[in-house]
Protein chains: 2
Amino acid sequence: MTAPPSETSRAADSLIATFERQIADGVLKDGEALPPEREIVQTYGVSRTVVREAVLALSNKGLVEARPRFRPVVRKPGYDAALQAAGSVVNRLLNEPSGVRNLFDLRIMMEAALVREAALFADKNQISRLQQALADNERAINDSAAFFATDVAFHSVFYEVPANPVLPSIHKAYVNWLSKHWMKMPRFPDRNRLNYEAHAAIFDAILLRDPDLAEKALRDHLDDAWQQVRETFNTP
Amino acid sequence: MTAPPSETSRAADSLIATFERQIADGVLKDGEALPPEREIVQTYGVSRTVVREAVLALSNKGLVEARPRFRPVVRKPGYDAALQAAGSVVNRLLNEPSGVRNLFDLRIMMEAALVREAALFADKNQISRLQQALADNERAINDSAAFFATDVAFHSVFYEVPANPVLPSIHKAYVNWLSKHWMKMPRFPDRNRLNYEAHAAIFDAILLRDPDLAEKALRDHLDDAWQQVRETFNTP
DNA sequence: CGCGCAGTTTTTGTCATACCAAACCTGCGT
DNA sequence: ACGCAGGTTTGGTATGACAAAAACTGCGCG
């Protein structure tokens, strides 16, 4: 039965749709492995070619995680899966002249908005988490690796203030995309101290519940960080 | 010569990488069609299976545009290709309870930041474009289809103010993701008039160069729009 | 000389089969 | 009980085949 490949589109598409539905409906639970390819072949009466194509497509969409020789594992996607899907293209764009600049500017804009929100709406719990992160950051001034980690952690708190699950994912994506540039930057204790003081200034502005001051402090901090990037990579 | 498939990973991956490089380096120019599969087979000494897998992967990454029975066309990715890659996952998330809410909140946050920037930095040219868009919007009050279009156009101007090419792409992505919900919403001239007036209020605040007022007007506008969404779909 | 249409050639989508090597499972020996 | 050796799946790839859609070709007509 050499199936006629023409109805609306490819046979693979319907298989893909089937699996997407099964994942969405929980028939295929998260963390579970897909059935073997040959079993799918028998179940749906398609060739292995189509099955492989479908699985690959699901893998590219981030719905399953397929290591080379293992069974694909279902991954119910969160918001970071969505951003991760964009990753490969973004990485290419980062190699173009103004790619890093564009993304960094976007980050400045978003974090400016976030610190405004934090200044206006952060509750006691969130402020104490900021304080904690700031203290960790200060303690790490002399350990550049630890400083980098606490730096990221401090900024990440802002992405959690609005209680929107998309935001932490965005922050993770930023860190992923830009970290390879950050990593290559020289980090010295005195540089770290300046950054810590910038963080402290932002925190103080939030304590004062002054969104304009907080935004200014954040922008100064990130503009300065950009200057460092610029000097390091000579990218105008 | 039944090639041994074991060196570091899949043979397909190296083919994918090869094409990515060729696209990045301009060997495969934008808009051009990929070579026929059998030609690739001969050129790189792999099987058609691998070629198809690679092409499919490129298609999923948005580097080539592959309609069902046509030759894949190279698409040098811009920022919207990146966001488009995230599309399929986002669409799934939009079907979950608070998915639309999360995305809409994010949009409110971003546009709030954008109108602030516009209030502070928009130049004459950009303000006149806003005015133009606003006028178009007013003229379309009695034509709901046209109103929708001019509504989108008005908001899109804000995404162009910071001259960051990422932003228009983000706006496009928003429109794509959320438009299917907007489309289903009832739109009447009186409703349109309210929305137009909200747009006008934002514009006025920008003329006054008052970022706080502009942000407030924008938030009122979008909160109101969210109320409409909520009433229409009963999604809390 | 250009243009449209029919027939021919490519090319894609799919199926089927085969093989290798890595992962997995099973049972045996200790 | 436990670990290891061997057999059994299963994924990755290659090859060959075929139907249908696209692309191409050349012919006839204006």
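Predicted, not measured: the structure shown is a model, and the values here were computed from it. Below, all heavy atoms of this structure are taken into account, side chains as well, without hydrogens, waters or symmetry copies.
If you measure from atom CG of B/Asp13 to atom P of D/dG12, you get 10 Å, rounded to the nearest angstrom. Taking atom OH of residue A/Tyr44 and atom P of nucleotide C/dT14, one finds them 17 Å apart after rounding to whole Å. As rounded to whole Å, 10 Å separates atom P of D/dT13 from atom CG of A/Leu56. Atom CZ in A/Arg38 sits roughly 8 Å away from atom P in D/dT10 (whole-Å rounding). Straight-line distance from the CD atom of B/Glu53 to the P atom of C/dG13: 14 Å, rounded to whole Å. Across the protein-nucleic acid pair, A/Ile16 atom CD1 and C/dG13 atom C1' stand 13 Å apart, rounded to whole Å. Spacing between atom CG of A/Leu58 and atom P of D/dG11 amounts to 14 Å, rounded to whole angstrom units. Rounded to an integer number of Å, the gap from CG of A/Leu15 to P of C/dG13 is 16 Å.
Across C/dT14, D/dG12, C/dA23, the shortest atom-to-atom separation from the side chain of A/Arg52 is found for D/dG12. Ranking D/dG12, D/dA23, D/dT13 by closeness to the A/Glu37 side chain, first place goes to D/dG12. When the nucleotides D/dA20, C/dC24, D/dT13 are ranked by their closest atom to the side chain of A/Phe70, C/dC24 comes out on top.
Each of A/Arg48 and B/Glu39 was matched to the nucleotide of DNA chain C holding its nearest heavy atom; the match closer to the 5' end belongs to B/Glu39. Residue B/Pro36 is the one, among B/Pro36 and A/Val41, whose nearest nucleotide of DNA chain C lies closer to the 5' end (criterion: closest heavy atom).
The shortest heavy-atom contact between B/Val51 and B/Val41 is CG2-CG2, 3.8 Å. Of all the heavy atoms in A/Asp30 and A/Arg75, the pair that sits closest is OD1-NH1, 3.4 Å. Here the closest non-hydrogen pair linking A/Met109 and B/Ala113 is CE-CB, 4.2 Å.
A search for salt bridge (Lys or Arg N to Asp or Glu O under 4.0 Å) contacts involving B/Glu37 returns B/Arg48, B/Arg52, not counting sequence neighbours.
Among the protein residues, A/Arg71 comes within range of the sugar-phosphate backbone only, with heavy atoms under 4.0 Å from sugar or phosphate atoms but none that close to a base.
A/His221 and A/His199 are linked by a side-chain donor-acceptor pair at a separation below 3.5 angstrom, with hydrogens and angles left out of the test.
Listed pair B/Ser47 / D/dT13 fails the phosphate criterion, with no side-chain N or O lying under 4.0 Å from OP1 or OP2.
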